[in-house]
Every structure is written in C-alpha cells, then in structure tokens.
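Quick notes on the structure that follows.
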Amino acid sequence: MNNDEFIYAVKRNSNRLYLIALSFTKNHYDAEDIVQNVFLKLMNCKKEFESSGHIDNWLTAVCVNESKNLLKSFFRKNGTSLDEAKELYTFDKPRDFDLFNAVMWLPKKERTVIHLFYYEELSIKEIAAVLKISESSVGTRLHRARKHLKDILGDDWINE
C-alpha cells in the first residue's frame, strides 16, 4: 500500500472506526488509542488489498478485535464513565440524545451489533464474520437489542 492509499484509507475510515471503538469502550481516550493502533497495523500490513471496500472490511475487523483485546485487559475491567462520551456529541434533538443513551446502556454484545448494523450498515453475514459468531447469533442479538431499546424508549420510537 502506498502513502496516498494509506492517507485515503485513514480519511475515509477514521470517524467510523472511532465510533466502533467507542461503542465497545465507552471511553473517548481508549477509542482514540484503538483507532491509532488499527492504522498502525494497516501501515505495517504487507497484505494486498483488492479494493477500498476490502480495506474497509479489514479495518473494521481489526478495530473490533483491538476493542475486544482492550476490554480483556486488567486496567480496563475497572470500568469508565459514559459522561466523557456524551460530552463529545452534539444532538439536534433531545430524542437523539435519548437514543444515544439507550444504545450506550445496552449490554456490550447488543450495543456492538446495533452499531455495526445500523450505523456501519453491515449485513448480518458481515457482522457474523467480523465478530466471528454465527449469523443466527447476530440475529438473536439484534432482536434482543431492539426489544431492550423498545423497553427503554417506549413504543413511540419504533414507529419513527
């Protein structure tokens, strides 16, 4: 990968990888560290990529794995506050803030599939490959997450 391709990949993927990492870590600083590590891995990668979509998928998988690895670390298990993440966003409507809060309070497995499905627009098959779980597990997690969101937000949200 030449320098121009690398810069283009960074510009194209930085925000989206940050949001993936944030959905795992719930911490601005950890998410930034993960994204930096992901791009370092890309810089040092000797793999030949077929297309920019192939690079994007590879980066997504690496970001998920880096996020999981961080969560396994001793220091990370002590927990962090959502307040830092909330301060980073500006919301056009109060309802957007309510949705953000609801999604961030879902269990990690559900929060992850919701983010990958709705925000990253990955298919169930792609999510299964990234998370290394079965497609039926992805479907189950999405179903549970939607049910939890409905319980938290009420029926009015489902109709929007």
[atom2] on [Y] to [atom1] on [X], rounded to 0.5 Å:
X      : Y      : atom1 : atom2 : answer
Phe6   : Met43  : CZ    : CE    : 3.5 Å
Arg12  : Leu17  : CZ    : CG    : 10.0 Å
Ile20  : Ile34  : CD1   : CD1   : 10.5 Å
Leu116 : Ser123 : CG    : OG    : 10.5 Å
Ile124 : Ser134 : CD1   : OG    : 10.5 Å
Thr60  : Asn13  : OG1   : CG    : 6.5 Å

Cluster check Met1, Tyr8: I/L/V/M/F/W/Y, side chain < 4.5 angstrom:
no
Is any side-chain heavy atom of [Y] closer than 4.5 Å to one of [X]?
X      : Y      : value
Glu110 : Leu142 : no
Leu19  : His115 : yes
Glu50  : Ile55  : no
Asn44  : Phe39  : no
Tyr18  : His28  : yes

Where do Asn37 and Val62 land on the side chain to side chain contact (heavy atoms under 4.5 Å, CB included) test, with the steps shown first?
CA-CA 9 Å; Asn37 288 339; Val62 173; over 6 Å; no
Heavy-atom pair of closest approach, residues [X] and [Y]:
X      : Y      : value
Ala102 : Ile152 : CB-CG2, 3.8 Å
Tyr118 : Glu121 : O-CG, 3.8 Å
Lys108 : Phe24  : CD-CD2, 4.1 Å
Arg111 : Leu106 : NH1-O, 2.9 Å
Ser67  : Ala21  : OG-CA, 3.6 Å
Val38  : Cys63  : CG2-CA, 3.6 Å

So, the side chain of His143 versus the backbone of Gly139: is there a donor-acceptor pair under 3.5 Å, distance only?
no
Looking at Phe117, does the NZ or CZ of Arg146 lie under 6.0 angstrom from its six-membered ring centre and within 45 degrees of the ring axis?
yes
Is the NZ or CZ atom of Lys41 both under 6.0 Å from the centre of the six-membered ring of Trp58 and within 45° of that ring's axis?
no
Just wondering, more than 12 heavy atoms not from [X] lying within 6.0 Å of its [atom1]?
X     : atom1 : value
His54 : NE2   : yes
Asn15 : CG    : no
Arg16 : CZ    : yes

Distance only, no hydrogens: is a donor on one side chain within 3.5 Å (strictly under) of an acceptor on the other, for Thr112 and Arg141?
no
Residues at least two apart in sequence or cross-chain that pass salt bridge (charged side-chain N to carboxylate O under 4.0 Å, His left out) with Glu126, listed by chain then number, are none
Derivation and outcome, side chain to side chain contact (heavy atoms under 4.5 Å, CB included), residues Asn2 and Glu5:
CA-CA 5 Å; Asn2 67 40; Glu5 291 171 326; 3.3 Å; yes
